[in-house]
Amino acid sequence: MPELPEVETTRRGIAPHCEGQVISAVTVRNPSLRWPVPSDLAERVSGKRIQSADRRAKYLLIHLEDGTLIIHLGMSGSLRVITDNAPPMTHDHLDLTLESGTVLRFNDPRRFGCWLWTDSVDRHPLIESLGPEPLSEAFNGELLFQRSRSKKTPIKNFIMDNHVVVGVGNIYANEALFKAGIHPRRQAGRISLDRYRRLAEAIRETLSAAILMGGTTLRDFVNSDGKPGYFAQVLLVYGKTGSPCTQCNTLLKEIRMNNRSTVYCPRCQR
């Protein structure tokens, strides 16, 4: 599933092509996504100017003059910039054509993504209860410490909760916990403030590095120019079960948590 760095990579890829542009047409080939594409979407957005392309958690937000398009890539989606009149292919479910002739083309083989419209994005049910952005000033170790008190949930599940902090998906939770030296099953409420400060910094560092390298290449993700990201080449633990730890040479172990692969070092992470 595309995670925060992949979505941010997409945002940065499409923004120069769409910001300030007027939407000239909307082509919906298959409205049956995770939630149906609004039947009046073309009527609502055609002729409107795109003010900005933003991101909130894993949602892309295309702000127009009187509302916002909320886009989610789902498990297999991609949003690409088409400038060469390439014909749509299988699973190209929606085109947003701009006055320049450029097309933002949404491809989603599994159709778990979404295109929704809202007049007030901050009050939309998908957005209003989200936690802080991990790369913002609002996110730090003190916040994690305060929100974790009396929590018996495993720390990995805690930092993957979008009500606590957004965008820390499975891959990056594995990596951040390794960098902070915290066992993924340790109870969130039994971690000290100092360790939470290290964890917050590890989350920020891991996500920032992934964004700079264009996201993580896994399965279906491609970014807006059709090229894969490269962060997978420098993952320290995720997908490396049985490999020696980069810090102590102990073999990395894998467990399942909430049906997700969780890889850790039994010596470095406590």
Side-chain angles (χ1 to χ4, degrees), residues 1-23 26 28 31 33-75 77-79 94 96 98 104 106 108 112-148 151 157-169 172-173 200 203-204 207-208 210-211 215 224:
M1 177 183 293
E3 298 194 27
L4 185 150
E6 286 81 9
V7 179
E8 177 62 18
T9 298
T10 297
R11 187 200 68 78
R12 295 184 183 190
I14 68 172
H17 298 274
C18 71
E19 289 183 339
Q21 289 283 318
V22 172
I23 298 172
V26 178
V28 180
L33 302 181
R34 183 175 183 181
W35 298 286
V37 177
S39 58
D40 62 349
L41 184 65
E43 179 182 343
R44 284 184 176 274
V45 306
S46 294
K48 303 292 177 60
R49 189 174 301 278
I50 296 175
Q51 296 182 332
S52 64
D54 294 328
R55 178 192 55 77
R56 183 72 171 98
K58 298 179 186 179
Y59 296 99
L60 289 167
L61 305 177
I62 307 297
H63 297 295
L64 306 184
E65 303 162 26
D66 59 349
T68 300
L69 279 167
I70 300 177
I71 304 168
H72 196 286
L73 300 179
M75 295 184 68
S78 64
L79 187 61
L94 192 150
L96 206 66
L98 309 177
L104 298 185
F106 181 67
D108 186 4
F112 284 168
C114 74
W115 281 66
L116 301 173
W117 171 261
T118 180
D119 297 322
S120 180
V121 66
D122 290 336
R123 293 198 295 270
H124 192 277
L126 293 175
I127 304 295
E128 63 180 353
S129 64
L130 292 174
E133 290 285 330
L135 302 181
S136 71
E137 293 183 359
F139 176 69
N140 52 46
E142 285 76 5
L143 178 139
L144 290 178
F145 180 76
Q146 291 168 4
R147 295 192 174 184
S148 67
K151 298 284 187 182
N157 297 346
F158 178 70
I159 62 173
M160 290 181 65
D161 182 347
N162 277 332
H163 297 94
V164 175
V165 57
V166 302
V168 186
Y172 303 107
I203 290 171
R204 186 176 294 107
L207 291 173
S208 295
I211 290 168
S224 58

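Residue numbers count from 1 along this sequence.
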>> So which atom in Glu133 and which in Leu4 form the shortest heavy-atom distance, rounded to 0.1 Å?
In response: OE1-CD1, 4.0 Å
>> Please determine whether side-chain contact (heavy atoms from CB on, under 4.5 Å) holds for the pair Ile50 and Leu69, giving the CA-CA distance in whole Å, both sets of side-chain angles, and the decisive distance to 0.1 Å.
In response: CA-CA 10 Å; Ile50 296 175; Leu69 279 167; over 6 Å; no
> Counting only heavy atoms not in Arg34, do more than 12 sit closer than 6.0 Å to its CZ atom?
Replying inline: no
> Does Arg56 use its side chain to pair, donor to acceptor, with the backbone of Ile70 at less than 3.5 Å?
Replying inline: no
> With sequence neighbours left out, which residue pairs that include part of residues 116-128 fulfil the salt bridge (Lys or Arg N to Asp or Glu O under 4.0 Å) condition?
Replying inline: none
>> Please determine whether side-chain contact (heavy atoms from CB on, under 4.5 Å) holds for the pair Trp117 and Asp40, giving the CA-CA distance in whole Å, both sets of side-chain angles, and the decisive distance to 0.1 Å.
In response: CA-CA 10 Å; Trp117 171 261; Asp40 62 349; over 6 Å; no
>> Give me the atom names and distance for the closest heavy-atom approach of Gly169 to Met160.
In response: C-CE, 3.9 Å
> Side-chain contact, heavy-atom cut-off 4.5 Å: Asp54 with Thr68?
Replying inline: no
>> Assess the residue pair Leu96 and Trp115 against the criterion (side-chain contact (heavy atoms from CB on, under 4.5 Å)); give the C-alpha distance rounded to whole Å, side-chain angles, the decisive distance to 0.1 Å, and a yes or no.
In response: CA-CA 11 Å; Leu96 206 66; Trp115 281 66; 4.2 Å; yes
>> Show the nearest heavy-atom pair for residues Cys114 and Leu33, with the distance to one decimal.
In response: CA-CD1, 4.2 Å
> Passes side-chain contact (heavy atoms from CB on, under 4.5 Å), Leu116 versus Tyr59? Steps please.
Replying inline: CA-CA 11 Å; Leu116 301 173; Tyr59 296 99; over 6 Å; no
> Can you name the closest pair of heavy atoms from Pro134 and Ile203 and give their distance?
Replying inline: CB-CG2, 4.0 Å
> With no hydrogens and no angle check, is any side-chain donor or acceptor of Glu65 less than 3.5 Å from a backbone partner on Lys48?
Replying inline: no
>> Please list all pairs meeting salt bridge (Lys or Arg N to Asp or Glu O under 4.0 Å) that have one or both residues in residues 12-23, counting only residues at least two apart or in different chains.
In response: Glu8-Arg12
> With side chains defined as the heavy atoms from C-beta onward, is the minimum distance between Arg44 and Val26 less than 4.5 Å?
Replying inline: no
> Any side-chain heavy-atom pair from Pro2 and Lys58 closer than 4.5 angstrom?
Replying inline: no
> Which distance, rounded to the nearest 0.5 Å, do you find between the OG of Ser148 and the CD1 of Ile159?
Replying inline: 11.5 Å
> What heavy-atom pair brings Leu79 and Leu73 nearest, and what distance separates the two atoms?
Replying inline: N-CD2, 4.2 Å
> Between the side chain of Arg11 and the main-chain N/O of Ala53, is any donor-acceptor distance below 3.5 Å?
Replying inline: yes
>> Distance check, rounded to the nearest 0.5 Å: Ile71 atom CD1 versus Ile14 atom CD1?
In response: 6.0 Å
>> Just so I know, are the side chains of Ile23 and Leu98 near enough to count as touching, which here means a heavy-atom distance under 4.5 Å?
In response: yes
>> So Trp35 and Leu126, do their side chains get closer than 4.5 Å, heavy atoms only?
In response: yes
> Has the side chain of Asp108 got a donor or acceptor atom that lies under 3.5 Å from a matching backbone atom of Phe112?
Replying inline: yes
> For the residue pair Asn162 and Gly167, what are the closest heavy atoms and their distance?
Replying inline: OD1-N, 3.3 Å
> Is a side-chain donor or acceptor of Arg55 paired with a backbone partner of Ala57 at a separation under 3.5 angstrom?
Replying inline: yes
>> Check whether Arg204 reaches the backbone of Phe139 with its side chain - one donor and one acceptor, N or O, closer than 3.5 Å.
In response: yes
>> Just so I know, are the side chains of Val45 and Ile62 near enough to count as touching, which here means a heavy-atom distance under 4.5 Å?
In response: no
> Are any side-chain N or O atoms of Glu6 and backbone N or O atoms of Glu3, one a donor and one an acceptor, separated by less than 3.5 Å?
Replying inline: yes
